[in-house]
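Right, one structure below, let's go through it.
Per chain, numbering begins at 1; letters A, B, ... match sequence-line order.
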Protein chains: 2
Amino acid sequence: MYLMERIASGEWGDGARIPSEYELMEIFAASRMTVHRALREMQADGFLRRAQGVGSFVQGPKPQSALLEITDIADDILARGHAHRAEIVVVERVKADAGLAAAFEMRAGGKIFHSVIVHFENEVPVQLEERFVSPAFAPDYGAQDFSARTTASYLQRVGRAAQVEHVIQAVSPAPLTRKLLRIAAGEPCLELTRRTWTEAGPATKSALTHPGSRYSLGSRYDAPGSKKPG
Amino acid sequence: MYLMERIASGEWGDGARIPSEYELMEIFAASRMTVHRALREMQADGFLRRAQGVGSFVQGPKPQSALLEITDIADDILARGHAHRAEIVVVERVKADAGLAAAFEMRAGGKIFHSVIVHFENEVPVQLEERFVSPAFAPDYGAQDFSARTTASYLQRVGRAAQVEHVIQAVSPAPLTRKLLRIAAGEPCLELTRRTWTEAGPATKSALTHPGSRYSLGSRYDAPGSKKPG
DNA sequence: CAGTGGTCTAGACCACCCA
DNA sequence: GGGTGGTCTAGACCACTGG
């Protein structure tokens, strides 16, 4: 089934209703079982919502990671009923040093977007977000207003990552980090490093630093097969 | 399909070969499509490995979490080619205080297993593991030799959790923690708290503490639908 | 009521693995 | 070659939704 790329490719927008199984049968000249299975798998992968007696609908891109339920921090904060504010420290294009060049599989000296943003929850700084973004992935990254729309939200629109890597560490914050997050000396920080790739190559490399006392990462998970056939 | 509970229930052991699709057709008097779909879903849920031209085999319980790839720390260490050693600090039964009683949905004063273990990688302490385990879930927890077999490995055998909750924080270690992990004052620690539930109720509550400088949690993830029909 | 998705059957052809 | 899983078809009955 190399059909239906149109759906994932966004030919139908978020929330759009897609043709019924019977209509798809005719469109693709496939049997209903085949159509049904394709839709069922797309549902399992989270691309569709389906309801018996109603129809099938495109599910907008979910929070990128199924491994760590790290949603857009602004959504997180708003979901708690708190106020979110982003303070842009810098958005720029920088020359890749050796390390960055290696991470992005490009030559040293190539240009890469770089942004540093502090996120506030009720005016308390809760996250320092530093990102490097490949211009090949998001050519307009440098021209965005990230106080209006978070980098996470923007990047999610630009493209879906095929691969994500997370590393979590406890660190003693650097002096500049301490200053930006307004934390006392000796307070530990939780640092999440995330790298993403598309089919075309490395896309982003981010470091999200949280004061240990003001943030924790959590996730809750229903094991597969708890109810189902098994 | 409320058939085939036998597979998940462990009637067939790890790695065992299960009957072919055609045999299952006869056993359950179902069509091949139905059998195939059941097996396909069990494979998707990680209960089976299948190979064309070979057969279907029971996949032993995987690392419990799909959210955080936290495997048995001993496996982790051995996989890096390093030596692992576990130092049992205490394994005991304690009376539940108010907080524990609430977490385990039991009356205060009820008995709960409690263990504290330090894990060494090449004789360097890398994890302090403190667990509380419901006797209803693992009645023999107190009688195990956890220097021979890790708690994680043992608990995985006892039963599969239906639900898992993770919380990750950066913390300043308590003095006792500092001593057991032999770390300097001021070094931050990564603390992972994990709670698990079975259908019957709360099963375990664990705190895994790692020196920030000696450990990090990582995960790598292939997004669904990168290749498939989509 | 008509339309939707959920499920199952019976049969077919294929690619793959291994003796 | 014989057995395995991978895939697809054509048709059927059901449960649920909505007007």
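- In this model, the phosphate group of dT7(C) is approached by a side-chain N or O of R40(A) to a distance below 4.0 Å at OP1 or OP2.
- For S20(B) and dG3(D), the shortest distance from a side-chain N or O to OP1 or OP2 is not below 4.0 Å.
- When the side-chain nitrogen and oxygen atoms of S56(B) are compared with OP1 and OP2 of dG5(D), one or more of them lie within a distance under 4.0 Å.
- Here E26(A) does not pair with R32(A) in a salt bridge; the nearest charged N to carboxylate O distance is not below 4.0 Å.
- Which of dG5(C), dT7(D), dA10(C) sits closest to the side chain of H36(A) comes down to dG5(C).
- Salt bridge annotation for E21(A)-R50(A): present, with a cationic side-chain nitrogen under 4.0 angstrom from a carboxylate oxygen.
- Between R37(B) and dT7(C), a side-chain N or O to OP1/OP2 separation shorter than 4.0 Å is present.
- Applying the salt bridge (charged side-chain N to carboxylate O under 4.0 Å, His left out) rule to R149(A) yields no partners; only residues at least two apart in sequence or on another chain are considered.
- Residues satisfying the side-chain contact (heavy atoms from CB on, under 4.5 Å) test with A83(A), not counting sequence neighbours, are N122(A).
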Are any protein N/O atoms closer than 3.5 Å to N/O atoms in nucleotides 11-13 of chain D? If there are, list each pair with its distance.
| from | atom 1 | to | atom 2 | distance (Å) |
| --- | --- | --- | --- | --- |
| dA12(D) | N6 | R32(A) | NH1 | 3.0 |

Can I get a per-line list of side-chain donor-acceptor pairs under 3.5 Å for residues 136-144 of chain B, giving both atom names and the distance, sequence neighbours left out?
| from | atom 1 | to | atom 2 | distance (Å) |
| --- | --- | --- | --- | --- |
| Y141(B) | OH | S115(B) | OG | 2.8 |
| Q144(B) | NE2 | D140(B) | O | 3.0 |

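- E23(A) places a side-chain N or O within 3.5 Å of a backbone atom of S20(A) that can act as its donor or acceptor partner.
- A salt bridge between E129(A) and R194(A) is absent, with no side-chain N of the basic residue lying under 4.0 Å from a carboxylate O of the acidic one.
- Evaluation of the side-chain contact (heavy atoms from CB on, under 4.5 Å) rule for S206(A) yields R131(A), T204(A) as partners, not counting sequence neighbours.
- Checking the phosphate oxygens (OP1, OP2) of dT9(D), a side-chain nitrogen or oxygen of T34(A) falls inside 4.0 Å.
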Quick test: give all pairs of protein nitrogen or oxygen and nucleotides 16-19 of chain C nitrogen or oxygen below 3.5 Å, distance rounded to 0.1 Å.
| from | atom 1 | to | atom 2 | distance (Å) |
| --- | --- | --- | --- | --- |
| dC16(C) | O4' | Q52(B) | OE1 | 3.2 |

